[in-house]
Amino acid sequence: MQELLERKNGLHRSILIVDDDPVTREILGAMLGDLYKIGYAQNGIEAMDLIKRDAHTLSLVILDLHMPKLDGFSLLKTLHADNELRRIPVIVLTSEKWSEVQCLQNGAADFITKPFDAPQIIRARVEHSIELAEDKVIIHETERDSLTGLFNKEFFFEFAKKIVRMNGHKAMDAIVIDINRFRIINELYGRAYGDLLLKKIGGCVHQAVQEYGGLACRSDSNSFFVYIPHENDISQLIEQFIKTTQGVIGDDKISMRIGIYSDDDDSLDIQMRFDRAKLACRKLHNTYSTCYNLYNSELHDKELFHEKLINDMDKALEEKQFQVYYQPKYNIRGNVPVLSSAEALIRWFHPDYGMISPGVFIPLFENNGLIHKLDRFVWDQAAGQIRKWKDSFGITVPVSVNVSRVDMFEPKLGEELTEIAANNGISTAELLLEITESAYTDNSQQISDAVSLLRSFGFKIEMDDFGSGYSSLNMLTTLTFDALKLDMAFVRNICTDNRAARLVGIIIEIARLLEVPVIAEGVEKKEQMELLKTLACDIIQGYYFSKPLPSDEFYELIEKQQKENEYAHN
Ligand code: C2E
Ligand code: CA
Ligand code: CA
């Protein structure tokens with residue numbers, strides 16, 4: 001019984017027994033002491049002090065009417081008149097029937113008559129009064145989510161804070177549960193199925209807090225917050241929860257991701273605990289199977305670092321901390337490789353962190369719209385560079401720029417790029433656009449439309465990272481583009497994995513049919529280059545020839561190429 005009660009909300013409730021008679025205090029204390037934390041007061045004044053002190057943690061007062069100093073009646077009246085203290089239920093100890101009505105009028109929750117009934121009756125009355133008072137606080141329609149019956153978010157935080165206070169600030173673990181791809185599930189299977197799913201998961205969550213204590217809510221459309229007393233081995237509990245819940249859902253297409261903040265240090269407030277659990281959950285965003293992630297300080301440091309980069313971006317553009325590097329692409333169809341074009345790749349020289357790779361900041365900027373500003377900067381620089389080389393050498397070295405998936409949603413992208421080309425005195429055909437295949441995987445119709453439009457402006461499109469997604473073949477049939485860039489993963493294995501080499505051969509044959517050249521990037525070794533040449537790959541980009549270079553070093557490459565050309569012609 002004791003355990004059940006303790007676990008119910010993960011707390012030991014407190015009761016104050018107010019009576020001037022030590023024997024009565026002792027009897028009641030003995031009856032209730034194993035279920036509740038008991039405090040004692042000998043008179044109304046002492047009681048009032050304790051009630052005020054423990055206003056947030058006290059669950060019940062048992063009050064004798066006849067006491068010296070301040071009597072029970074006056075105390076009851078004072079409590080009833082106080083907005084804050086009114087929520088604490090009071091059971092009055094009495095031997096006279098006549099006083100009951102008066103007590104009820106003044107807010108008494110119940111009575112215990114002297115001489116006392118059997119202990120179980122007293123316990124039941126106490127428990128009932130507490131529950132009733134708590135339910136009064138808790139169960140308001142507006143405080144519940146109508147679909148799952150769990151709390152809503154606002155009320156959840158309010159009540160969770162109370163629980164922590166009542167619980168003597170015992171540490172709690174914060175858990176965030178998200179349903180993967182919920183929006184798509186709703187679209188594919190209908191809202192009714194989505195609602196059913198939420199109900200099922202909500203039911204499992206409810207059951208878990210019944211068992212372990214604590215409380216839960218639906219925080220927004222597809223996620224739940226759970227707050228439970230700290231567990232040393234939370235993973236075990238979570239694994240059990242996942243197993244049960246997946247059994248209840250009974251559909252392997254549905255998966256969840258779970259972020260956890262588990263710490264026995266109670267100094268961090270509840271909101272922060274959930275922020276950290278959310279962060280741990282967010283880190284799982286690309287997963288399609290059920291999994292969980294525990295927050296750790298490394299994750300926090302990384303998040304702070306990322307936030308700083310996002311904050312620093314505007315200033316960095318102003319202070320010219322970004323530089324565009326150029327990596328050459330070589331045409332290997334002839335006997336000797338010939339410099340044919342370049343890819344513009346951004347570099348950030350940060351005053352505090354030194355050179356930061358675009359692999360770190362590009363994904364951050366794609367999440368918040370900053371990427372478009374940065375890409376515009378790169379496009380403009382690259383276009384200006386094409387013009388400068390044209391002026392210096394009298395030839396065009398076409399430069400490809402990366403167009404982020406986010407840019408593809410800009411309605412005036414074609415006009416914008418055309419304007420950049422015109423402002424720098426080059427044609428649209430001289431600026432090549434690299435679009436990653438994964439953008440197509442995410443949103444094929446949109447990307448197809450945008451690519452056709454860009455081509456109608458005269459731009460050449462290179463399909464980047466080809467073969468990395470799962471819609472590569474599908475894309476070949478619906479999209480027209482001008483060059484195909486093999487995903488680096490193929491090249492990495494080409495000399496060791498026979499299947500990778502054969503696959504590259506097949507892709508190159510398909511490209512032949514479509515009449516587009518194939519570019520292999522990430523070529524580091526001579527053997528890779530030679531194998532690609534025998535497979536009839538057209539263009540090679542990679543450390544084997546050169547790393548991405550600042551523009552002045554690239555200038556020397558063009559110079560060298562021109563000398564070789566002259567030499568070949570002589
Ligand atoms: P990506 O477009 O696939 O670019 C190729 C990446 O491979 C570059 O990394 C390049 O430095 C690297 N690389 C080139 N040759 C080799 C090689 O032989 N071996 C290996 N291991 N790597 C090689 P980087 O510059 O760090 O860029 C990473 C990614 O960041 C790019 O992948 C691209 O998706 C993105 N990115 C870079 N610059 C921009 C930009 O201006 N705008 C946008 N939107 N994305 C950019
Ligand atoms: Ca690229
Ligand atoms: Ca690539």
Side-chain angles (χ1 to χ4, degrees), residues 309 313 316-317 321-330 341-349 354-385 398-410 413 416-417 420 431-442 460-469 472 481-495 507 518-529 532 537 539-551 553-554:
L309 293 187
M313 137 102 182
L317 264 177
Q321 293 169 16
F322 289 108
Q323 262 190 49
V324 180
Y325 273 40
Y326 298 89
Q327 188 174 32
K329 299 180 193 173
Y330 282 85
S341 57
E343 176 177 6
L345 292 158
I346 186 95
R347 301 286 175 262
W348 187 351
F349 295 90
M355 210 269 273
I356 314 171
S357 150
V360 173
F361 59 83
I362 296 282
L364 295 181
F365 295 171
E366 280 182 336
N367 283 336
N368 50 32
L370 288 177
I371 188 66
H372 187 63
K373 212 167 171 183
L374 190 68
D375 276 346
R376 265 192 75 97
F377 166 78
V378 178
W379 302 337
D380 190 55
Q381 292 280 306
Q385 195 58 63
V399 175
S400 60
V401 292
N402 289 286
V403 177
S404 152
R405 70 192 71 227
V406 181
D407 300 324
M408 298 299 278
F409 288 88
E410 288 289 327
L413 183 63
E416 194 182 350
L417 280 158
I420 288 175
L431 194 63
L432 313 178
L433 307 180
E434 293 196 11
I435 291 157
T436 179
E437 188 204 285
S438 59
Y440 177 87
T441 311
D442 292 348
K460 298 259 181 301
I461 306 295
E462 297 190 356
M463 191 44 62
D464 202 356
D465 311 319
F466 182 83
S468 61
S472 316
F481 48 87
D482 304 280
L484 193 156
K485 272 188 108 166
L486 277 178
D487 188 51
M488 251 189 262
F490 289 117
V491 175
R492 201 173 303 131
N493 303 327
I494 199 168
C495 292
I507 295 173
V518 174
I519 304 163
E521 64 178 332
V523 178
E524 296 180 354
K525 300 193 188 91
K526 192 159 187 257
E527 309 87 76
Q528 292 170 329
M529 203 274 283
L532 284 161
C537 178
I539 293 167
I540 296 263
Q541 176 185 350
Y543 296 168
Y544 172 68
F545 284 118
S546 168
K547 294 205 160 179
L549 302 170
S551 59
E553 287 180 41
F554 199 95

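Indexing begins at 1, ligand by ligand and atom by atom, following the structure's order.
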Cationic N near anionic O, under 4.0 Å, Glu434 to Lys485: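 Between Lys485 and Glu434 there is a salt bridge, with a charged N closer than 4.0 Å to a carboxylate O.
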Is it true that Glu553 and Lys547 make a salt bridge, defined as a side-chain N closer than 4.0 Å to a carboxylate O?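 Between Lys547 and Glu553 there is no salt bridge, as every charged N stays at least 4.0 Å from the carboxylate O atoms.
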Do side-chain atoms of Asp407 reach the backbone of Ser404 as a donor and acceptor pair under 3.5 angstrom?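 Yes, the answer is positive, given that a donor and an acceptor are paired below the 3.5 Å cut-off.
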Sidechain-backbone polar pair: Ser400 side chain, Ala342 backbone, donor-acceptor under 3.5 Å: yes
Polar side chain donor-acceptor pair, [X] to [Y], under 3.5 angstrom:
X      : Y      : result
His372 : Glu366 : no
Gln541 : Gln327 : yes
Arg405 : Thr436 : no

Close residues (non-hydrogen atom under 4.0 angstrom from ligand 1) work out to Gln327, Glu343, Leu345, Ile346, Arg347, Ser357, Pro358, Ile362, Ile371, Asp375, Val378, Asn402, Ser404, Asp464, Asp465, Met488, Glu521, Gly522, Val523, Glu524, Gly542, Tyr543, Pro548
Around the Ca ion (ligand 2), how many protein N, O or S atoms are there at under 3.0 Å? 4
Looking only at heavy atoms, what is the nearest atom pair of Cys537 and Ile519, with distance? SG-C, 4.5 Å
Using 30° and 60° as the class limits, which term best fits the ring planes of Phe322 and Phe377: parallel, tilted or perpendicular?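 Phe322 and Phe377: tilted rings.
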